[in-house]
Amino acid sequence: MFPEITVTDLGEKLKSEEEFILLDVRELSELEQAKLTDSRLQVTPMSRLGQEGVNALSEAVQSQQIPVYILCHHGSRSMQVTGWLLQQGYKNVFNVRGGLMNMRAKSMLP
């Protein structure tokens with residue numbers, strides 16, 4: 001079982017000033033389907049992670065100093081990336097359960 005956060009809890013965090021990184025691992029072509037706007041959002045497609053490994057991640061993610069909440073469209077790819085990062089030794093990473101579709105279903109997205 002991977003560490004997870006619910007979309008409801010993420011929604012509360014997005015309203016706060018809490019420091020974290022929201023890592024969107026969707027492909028660039030998918031970003032228009034559901035948009036999130038937050039200064040803590042970083043986009044690193046899963047395909048890029050597959051090609052470049054952890055080098056594709058920003059310095060802020062690589063530093064492992066603050067929590068990283070990983071999301072995708074449905075929560076499947078983000079779960080894979082969360083598991084992969086845990087295997088790489090990351091400790092403060094969390095899958096966003098259900099992804100953006102779950103956020104939309106709970107009326108958390110426009």
Heavy-atom closest contact ([X] atom, [Y] atom, distance):
{"X": "Asn95", "Y": "Gly75", "result": "OD1-O, 3.6 Å"}
{"X": "Ser78", "Y": "Cys72", "result": "N-SG, 3.3 Å"}
{"X": "Ala56", "Y": "Thr44", "result": "O-CG2, 3.6 Å"}

Quick one: pull up [atom1] in [X] and [atom2] in [Y] and give me the separation to the nearest 0.5 Å.
{"X": "Phe20", "Y": "Asp38", "atom1": "CZ", "atom2": "CG", "answer": "5.5 Å"}
{"X": "Lys15", "Y": "Leu10", "atom1": "NZ", "atom2": "CG", "answer": "11.0 Å"}
{"X": "Ser47", "Y": "Glu27", "atom1": "OG", "atom2": "CD", "answer": "3.5 Å"}
{"X": "Ser29", "Y": "Arg26", "atom1": "OG", "atom2": "CZ", "answer": "9.5 Å"}
{"X": "Leu14", "Y": "Leu36", "atom1": "CG", "atom2": "CG", "answer": "6.5 Å"}
{"X": "Glu12", "Y": "Thr8", "atom1": "CD", "atom2": "OG1", "answer": "8.0 Å"}

Original post:
Does Val43 offer a backbone N or O that forms a donor-acceptor pair with the side chain of Asp24 under 3.5 Å?
Top reply: no

Subject >> Arg40 side-chain N/O to Glu18 backbone N/O, donor-acceptor pair under 3.5 Å >> reply: yes

**OP:** Return the orientation label for the Tyr69 and Phe94 ring planes: parallel under 30°, perpendicular over 60°, tilted otherwise.
**Re:** tilted

Examine [X] and [Y] and state if one hydrophobic cluster contains both, with Ile, Leu, Val, Met, Phe, Trp and Tyr joined whenever side-chain heavy atoms are less than 4.5 Å apart.
{"X": "Val81", "Y": "Leu31", "answer": "no"}
{"X": "Phe2", "Y": "Leu49", "answer": "yes"}
{"X": "Ile70", "Y": "Leu22", "answer": "no"}
{"X": "Leu85", "Y": "Ile5", "answer": "no"}
{"X": "Val93", "Y": "Val25", "answer": "yes"}

Subject >> Val96 vs Glu4, side chain to side chain contact (heavy atoms under 4.5 Å, CB included): CA-CA, chis, key distance, verdict >> reply: CA-CA 6 Å; Val96 177; Glu4 290 187 314; over 6 Å; no

Subject >> CA sep, side-chain torsions, deciding dist, call: Tyr90, Thr82, side chain to side chain contact (heavy atoms under 4.5 Å, CB included) >> reply: CA-CA 9 Å; Tyr90 284 70; Thr82 301; over 6 Å; no

Original post:
Going through the distances and angles, do Leu71 and Leu23 end up as a side chain to side chain contact (heavy atoms under 4.5 Å, CB included)?
Top reply: CA-CA 6 Å; Leu71 84 156; Leu23 181 63; over 6 Å; no

Original post:
Which residues pass the side chain to side chain donor-acceptor pair (under 3.5 Å) test with Gln80, sequence neighbours left out?
Top reply: none

Subject >> Pairs where residues 72-81 contributes a residue and the test salt bridge (Lys or Arg N to Asp or Glu O under 4.0 Å) is met, not counting sequence neighbours >> reply: Glu30-Arg77

Can you list, pair by pair, the side-chain donor-acceptor contacts under 3.5 Å of residues 59-67, counting residues two or more places apart and other chains?
from: Gln62; atom 1: NE2; to: Val54; atom 2: O; distance (Å): 2.9
from: Gln62; atom 1: NE2; to: Leu57; atom 2: O; distance (Å): 2.8
from: Ser63; atom 1: OG; to: Ala60; atom 2: O; distance (Å): 2.8
from: Ser63; atom 1: OG; to: Gln65; atom 2: N; distance (Å): 3.4
from: Gln65; atom 1: NE2; to: Ser63; atom 2: O; distance (Å): 3.0

